Amino acid sequence: MEKWRAADRLLKFSSRFASGTKLTCTIINYDHTHPLVSECCFFPIPFYCCKSKQGKYFYSVATTVHRNPLFSIISPDDISYFKTLLGERGVVQDALALDAANTDWMGKYRGSSKLLLQPKNTEEVSQILKYCNSRCLAVVPQGGNTGLVGGSVPVFDEVIINVGLMRNILSFDKVIVSGVLVCEAGCILENLISFLDDEGFIMPLDLGAKGSCQIGGNVSTNAGGLRLLRYGSLHGSVLGLEAVLANGTVLDMLGTLRKDNTGYDLKHLFIGSEGSLGIVTKVSILTPPKLSSVNIAFLACEDYTSCQKLLLEAKKKLGGILSAFEFLDSDAMSLVSSTTFLGTENHGQEVIKDKHGQDFTSIDLRALPLEFWYSYASGSIFMENLEAFLLHSVESGLVANGVLAQDINQASSFWHIREGLPEALMKAGAVYKYDLSLPLEKMYDLVEEMRVQIGPAAKVVAYGHLGDGNLHLNISAPAYDDNILAKIEPFVYEWTSKNRGSISAEHGLGLMKAAKIHYSKSPETVRLMIDFDYCVFELLPDTSCLDDNHSIICLCLSA
Ligand code: MLT
Ligand code: ZN
C-alpha cells in the first residue's frame, strides 16, 4: 500500500496554492452513471486550501473541506449579466429548483449554490465560462445529477451549469457500417436509446440511471453500465466530442472517423476526467446495429467460485452473443425482492421461479442475470448453443438452479431486479457505497472479510458487473454511524490497493474519493495528472485571474 501513497506529494504540491495569491478555480461536476451528475474534486486540494471554514461530512472518513476565499461571491451585476446572456429562463434562482440541484441523488452531498444556469448552445456555455473565469466565480457542471460520489453538486456556492436544454440529436448516419450518432451533451440517455431503437440500432451504453442521466455526463464520467462487457468502454465508442475550456475556448474535436492518427487524441482526456478539464457540449458516438433477438437467463450458483467459473465458460462457449454478465449475492437478492421495494406484486419472488415452480430467491445462492443478443437469422443456432450451455452448466454443478426468460416481460423483470438494487438500498436506510475493480478471483473475498469486519451492525450487500471485474460493495445500516464508517475505511481502500484493484471502477472520484486517488495511482502518475491540469490552464489566453504562478484549476466531477 505504501507504494501507492502519494498524499505527501499531493499536499506539497498543493502548498503552492496556499500563498493567497490570485487563483481561479473552475469547479466542474458532472453526472454519470446512475441517477446522477455529481460533484467531486479530481484535484481538490487547491480548492480546499483556505483555513477559514471546516465542514465534516458523514459519508467519508475525515473529509474536511474549506472554501477558498479567493473565489468571488455572486453579485447582482453577475445575475444581470447572465440574464442578458441567457434570458430569464436560463437563470434559475428559485429555492425549490436550487434545492434539488444542490442535493445529490442519494441525499448525501449538499451544496449551497444560489444560481443555476441553463445554456441553450455551445456559445452560451463558452460565454458563461469566460465570464466566470474573469470574475473568479467557481462553477460546477451538472447533468442528470445521478452520480454516486458527490461529483455533480456544488461543494459550497459554485454556479451550477446544466446543459439539459442542449438536447438535440444533430445527425444520425443510418448506413449499417456507420451508425454514427452526433448529439448535444444534454440528451437523456434513455431518449437516445429509444431514438436508436426506432432506427434499428442500440446505444453501446445502458445503465439503471438512463431515465435521468445525460450523455455529456456519461462521457465526462466514462460511465460503464450493463453492456460494457460486449461493447467496451466509451473510450472505444466515442468518436469525437466538443468541449469548452474554463476560459471559454471551444475545442472542436467532434470527428466521426473511426481512424485518425494526427497527433494526440485529446478527446480521451475529457472522457472520464469528470469535468476537470472542461464541459463537454457535443458528442459523436458509434452505435452498433440492433440484433433482432435477445434472451436472458437468471441463474443461481452455490458459491462465488462457481459464478466465476460460469463466467469463463460463458465467454468460451457463447463468445460474441454474451452481452452482459451481472452478479448479485443473496443479501442483494433478498433486499430487492422484498415487498417494500417492489410494491404489492412481489416481482422478485414471482419472477424467479424455475420450471418446477420452485422459488430460488430464498436459497442462499448467488444469482446472475446473463443477457444474450443474437440475430434472428442465426437465432436457432444460438438458442441451441445457449440451451446446451445451460444444460451443461447445470449437469456439471456450476449452476444450481435458474430460469431462461420466456418473454419480453419476464426479461425486463429480470433487469428490473438488477437495476432496482441502488434504489432498494436507498430505501433500506443508510448506505455506504464502494465501486471497485478487483481481480476476479479475489473479488468476493473482500465481501466476506467486510462481513467479519463489520459484524452485526450493518448488512454487506454485493452486486456488480462480474463480466467486467467490477464489484459494487454496499454496506447498509439503519442510520449513518461514525463507528460503522471507521470499520469500513480505510480498510476497503487498503484492501483494494493491496490487491492492485481500483477504488473507482466506473463511478469516478467525486468529492468522496478525490483525496483517495493515491490508493489506485502511483505518486508519479498523480503528479503528472496535476501538472497536466496546470499546463492546460496556464497555456490558456485571457485567464485574467491568474498571476505568473497560478492558473485556473478545474475541479470536477461527475457521476
Ligand atoms: C449499478 O451498477 O447499479 C450502478 O453502478 C449503481 C450502483 O452501483 O449502485
Ligand atoms: Zn454499476
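Order of listing sets the numbers, starting from 1, for every ligand and every atom in it. Keep in mind that this is a model prediction, so the values were computed, not measured. Computation of the quantities below employed the complete heavy-atom set of this structure, encompassing side-chain atoms and omitting hydrogens, waters and symmetry-equivalent molecules. One is the number of the first residue; the rest follow in order along the sequence.
With respect to E423 and K427, a salt bridge is recorded, a charged nitrogen being found less than 4.0 Å from a carboxylate O.
Between N474 and ligand 1, a contact under 3.5 Å exists for no N or O pair.
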Worked verdict on E313 versus K316 for salt bridge (charged side-chain N to carboxylate O under 4.0 Å, His left out): CA-CA 5 Å; E313 281 297 299; K316 264 196 256 167; 3.6 Å; yes

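Two residues are said to be in side-chain contact when any heavy atoms from C-beta on lie closer than 4.5 Å; I285 and M203 meet this criterion.
Heavy-atom neighbours of K459 NZ from other residues, nucleotides or ligands within 6.0 Å: at or below the threshold of 12.
No side-chain donor-acceptor contact under 3.5 Å links E489 and Y432. No hydrogens or angles considered: a donor-acceptor pair under 3.5 Å links the side chains of N470 and D435. Side-chain N/O atoms of Y444 and D303 include no donor and acceptor closer than 3.5 Å.
For the Zn ion (ligand 2), the N/O/S atoms of E506 include one lying under 2.8 Å. Taking 2.8 Å as the threshold, H507 does not count as a candidate ligand of the Zn ion (ligand 2), since none of its N, O or S atoms lies below it.
Neither the backbone nor the side chain of E419 has any atom closer than 4.0 Å to an atom of ligand 1 (non-hydrogen atoms only).
For H465, the closest heavy-atom approach to ligand 1 falls below 4.0 Å. Within the 4.0 Å heavy-atom cutoff, L148 counts among the residues contacting ligand 1.
With the Zn ion (ligand 2) at the apex, H465 NE2 and H472 NE2 define an angle of roughly 100° (rounded to 10 degrees).
Atom numbering of ligand 1 starts at 1 in the shown order; those under 4.0 Å from a heavy atom of Y463 are 3 (O), 7 (C), 8 (O), 9 (O). Near R418, meaning under 4.0 Å from one of its heavy atoms, ligand 1 places the atoms 1 (C), 2 (O), 3 (O). Close contacts of ligand 1 with H472, meaning ligand atoms under 4.0 Å from a residue heavy atom, involve 1 (C), 2 (O), 4 (C), 5 (O), 8 (O).
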